[in-house]
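Here the structure is laid out as C-alpha cells; the discussion comes afterwards.
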Amino acid sequence: MLDPKKVAQNFDAVVERLSTRGGNLDFGDFRALIAERSALYVSLESLQAKRNAANEEMKRAAKQDPAALERLRGDLRTLSQEIKEKERQLAAVEERYQAVLLTLPNLPDPSVPVGTSEADNVVVRTWGEPPRFPFTAKQHFEIGEQQGLLDFERAAKVSGSRFVFYRGDLARLERALVSFMIDVHTERGYTELLPPYLVSRAAMTVTGQLPKFEDDAFETAGPDERFLIPTAEVPVTNYHADEILDGERLPLRYCAFSPCFRAEAGAAGRDTRGLIRMHQFHKVELVKFTKPEQSMEALERMVDDATEVLRRLGLHHRVVLLCTADLGFASMKTYDLEVWLPGAGTFREISSCSNCGDFQARRGMIRFRPAPGEKPQLCHTLNGSGLAVGRTLVALLENYQREDGTVRLPDVLAPYMGGRTELRSA
RNA sequence: GGAGAGCUGGCCGAGUGGUCGAAGGCACCUGACUCGAAAUCAGGCGUACCGGCAACGGUACCGUAGGUUCGAAUCCUACGCUCUCCGCCA
C-alpha cells in the first residue's frame, strides 16, 4: 500500500509515476474520497467531543440532580443517533477509500528504467557461456520423457493439465536441488523456515496477491477460507506482521522451501509443454526485512545470493533489470535472473528478486524500532527466488544433456545424489 | 469434534458501566549519585488521525465485528485465536 498521506499531497505526481507501469490505473473517485473522508472525520470528532463533554455533566447530575438527568438524557439520545449516522457514513467512505488504496501498485524506484514492455528491460550482466553441442540440443521434456523420468500423461489423467509426475533419479534430483539450495543460503547467513502452505486472506492481502489477483490463486473449499500459497514469500513476509522488530537486529534474512500453487489464469495456451509453467512447483524463497536505507544494497546482495546457486551449478545466465512496465504489483525494483536453455534456445526466468520498500510493511504493519526509546518505523521487505527448483532442473537437463539422451550432473550435487554423477533412466 | 479457561500498552499484569488511555512491575530514555559501572533515587516513556510554528488541545484504539446504554475495557451476541482436559488422527 502506498502512503495515503503522500498520495493525497502529491496526487498528480503519483498518478504520473504509476502510469509508467502501463496497464489501466483505476483511481475511481479517489480524489473526492480523500476530501469527503477527512471532512467526515472532522465533523464526527467534534460531535464526539460534544458527547464526551455532555457525559461529564451526566456523571455529576447522576449524583446531584436526578431530575436534570432525565432531561439531559433526552438530548443526548439525539446526539448519539447523530453520531451513529455519521459513523455509518464514514465507514462507507472509508471502505471505498481503502478499496482503492489496496489496488494501487507500488511506485517504481527512480533507478528503474521507464519502459512499455519487457523489451525495455535492461541486461545488467551475463555470466558464463552457452554450452556447445555437436548435435541438436533437445528440450527438457523430450529428454525427460524419453528417459522415463517425467510423466505428463499420467499426471493429466490424475490431476489435469499443468501437472507432472517425476520418476526415479529425476524425483531425487528435485529433492537434491532443494537441499543444495537451502544449504547454500544458510551457509550465507539466511535462517531456514518451513512455512505453512495454506494462508489466510489477510496474509495474501499483505503481500499484494489480493484483492487484485484473486483469479491467480487457489482457494480451499472447506468452511474456513484459506489460499494455497503461490510462493513462500506470502507466509514468510507475514511471519513478522504486526510486530515491532529490534532495529539492531536488522536486516533479518530467511530462506524457505515450499511448493507453490498458481492458477495461471491468464496464461492459457502459453508454455503448455514441459515443466516451465505448472500449477504446482517447488521453490526456495529468500525474504529480507531491512531498514529503509539498507534495502537497495540488500537487493543487490540478494541477487548475488541467488546467482551463487547458478554459478555453483555452472549454468550460463544473465541478470536483467526490469523496466517499469514489467514490475510486479508490490515491487519498486526487480531483477530477474534468466538461465540459458540450449534446447529451447532462449533465456528463461529462473528467479525474480524484488525490493518492495514499505509497500507490504504498511499493509502488514511490519515495523522496527531504530533505537531504544525511538518511534517505530515501517521496515522494507524484499523477496527473491533462490531458485525456482523445477526450472533449475530444466536447465540442468538441457545444459548437461548428451547425444544419447543421458544427462551428466554437476559435481556439487553428488553429495545430495548418493554420489551419483549422472541421471539413469527409469 | 466435545467441555472448560482466557485474550488489556514493547513484555508481564490489575481493572466496581461514568473518577480509565487504563494501577503496578519489567524493559527503555533523561537526570542525580559514581573515576566509570552496578545498585539506588527523581522524572519521562503506546499507536494513529485532526488542529497548531510550538507548548499543547481534540478524537479513536483494551482480540475482531455487531448490539444494549446518555455513557462500555467492564453487560449481551457472533466470530477469531491461545491454553487445559476428552475423543480422533499422521
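Worth saying up front: this structure is predicted, and the values here are computed from it rather than measured. A, B, ... follow the sequence lines: proteins, then strands. Residue 1 opens every chain.
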Nearest of B:rU59, B:rG10, B:rC70 to any side-chain atom of A:Gln48? B:rU59
Measure from CD1 on A:Ile244 to C1' on B:rG10 and round the result to the nearest Å. 6 Å
Quick one: look up who B:rA23 pairs with, Watson-Crick or G-U, both distances under 3.5 Å, and put none if it's unpaired. none
Roughly how many Å is it from CG in A:Asn55 to C1' in B:rG71, rounded to a whole number? 4 Å
Watson-Crick/G-U partner (both atom distances under 3.5 Å) of B:rA73: none
Quick one: do A:Glu219 and A:Arg226 satisfy salt bridge (Lys or Arg N to Asp or Glu O under 4.0 Å)? Show the steps, please. CA-CA 6 Å; A:Glu219 189 181 339; A:Arg226 295 285 185 273; over 6 Å; no
Could you tell me how far apart A:Lys50 (NZ) and B:rG71 (P) are, to the nearest whole angstrom? 15 Å
note: A:Glu87, atom CD; B:rG71, atom C1'; distance rounded to Å ~ 13 Å
Is A:Arg201 paired with A:Glu214 through a side-chain N to carboxylate O contact shorter than 4.0 Å? yes
Rounded distance in Å between the C1' positions of B:rC86 and B:rG15: 34 Å
Considering Watson-Crick and G-U wobble pairs with both distances under 3.5 Å, what does B:rA90 pair with? none
Could you tell me how far B:rC70 sits from B:rG63 if I compare only their C1' atoms? Round to whole Å. 28 Å
With a 3.5 Å limit on both atom pairs, tell me what B:rG17 is paired to, counting Watson-Crick and G-U wobble, or say none. none
Pairing nucleotide - B:rA48, Watson-Crick or G-U, each distance under 3.5 Å: B:rU59
Does A:Gly74 or A:Glu56 map to a spot on RNA chain B nearer the 5' end, using the closest nucleotide for each? A:Glu56
Counting neighbours of CD on A:Glu118 that are heavy atoms of other residues, nucleotides or ligands and sit closer than 6.0 Å, is the number greater than 12? no
Could you list, one pair per line, each protein nitrogen or oxygen that sits under 3.5 Å from a nitrogen or oxygen of nucleotides 24-30 of chain B, together with the distance?
from   : atom 1 : to       : atom 2 : distance (Å)
B:rC28 : O2'    : A:Gly373 : N      : 3.3

SB check A:Arg31 A:Asp12 (cutoff 4.0 Å): yes
Using a heavy-atom cut-off of 4.0 Å across all strands, would you classify A:Asn52 as base, sugar-phosphate, or nothing? sugar-phosphate
What is the distance, rounded to the nearest whole Å, between atom CD of A:Glu225 and atom P of B:rC79? 17 Å
Applying the Watson-Crick and G-U wobble criteria at under 3.5 Å, what pairs with B:rC81? Answer none if nothing qualifies. B:rG6
So what's B:rC53 paired with, Watson-Crick or G-U wobble, going by both distances under 3.5 Å? none
Rounding to the closest angstrom, what is the interatomic distance between B:rU69 and B:rU74 at atom C1'? 13 Å
Rounded P spacing from B:rA27 to B:rA39 in Å: 8 Å
What integer number of Å spans the P atoms of B:rC26 and B:rG4? 39 Å
Does B:rG66 have its OP1 or OP2 closer than 4.0 Å to a side-chain nitrogen or oxygen of A:Lys84? no
For atom C1', what is the distance between B:rU8 and B:rA14, given to the nearest Å? 10 Å
Just by distance, do the side chain of A:Glu45 and the backbone of A:Val42 share a donor-acceptor pair under 3.5 Å? no
Closer than 3.5 angstrom, by distance alone: can the side chain of A:Ser200 be matched with the main-chain N or O of A:Ala203 as a donor-acceptor pair? yes
salt_bridge(A:Glu308, A:Arg188) N-O dist < 4.0 Å: yes
So, A:Glu264 and A:Arg277, do they make that salt bridge, N to O below 4.0 Å? yes
Rounded interatomic separation in angstrom, taking CE from A:Met58 and P from B:rG17: 17 Å
What is the separation between atom CG on A:Leu79 and atom P on B:rC70, rounded to the nearest whole Å? 12 Å
Per-nucleotide protein contact string for nucleotides 48-54 of chain B, where B marks a base within reach and S marks sugar-phosphate only (heavy atoms under 4.0 Å, - for neither): SB-----
Quick one: do A:Arg273 and A:Glu145 make a salt bridge, cutoff under 4.0 Å? yes
Whole Å only: how far is the CD1 atom of A:Ile83 from the C1' atom of B:rA60? 12 Å
Same-atom distance (C1') from B:rU19 to B:rC28, integer angstrom: 30 Å
Do the charged groups of A:Lys291 and A:Glu297 touch, with an N to O distance under 4.0 Å? no
If we take the P atom in both B:rG13 and B:rC7, what is their distance in whole Å? 9 Å
Check whether A:Phe165 forms a cation-pi arrangement with A:Arg154 (NZ or CZ under 6.0 Å from the six-membered ring centre, at most 45° off the ring normal). no
So, applying salt bridge (charged side-chain N to carboxylate O under 4.0 Å, His left out) with A:Glu94, which one of A:Arg88, A:Lys86, A:Arg37 is it? A:Arg37
Base paired to B:rA32 (Watson-Crick or G-U; both N/O distances under 3.5 angstrom): B:rU40
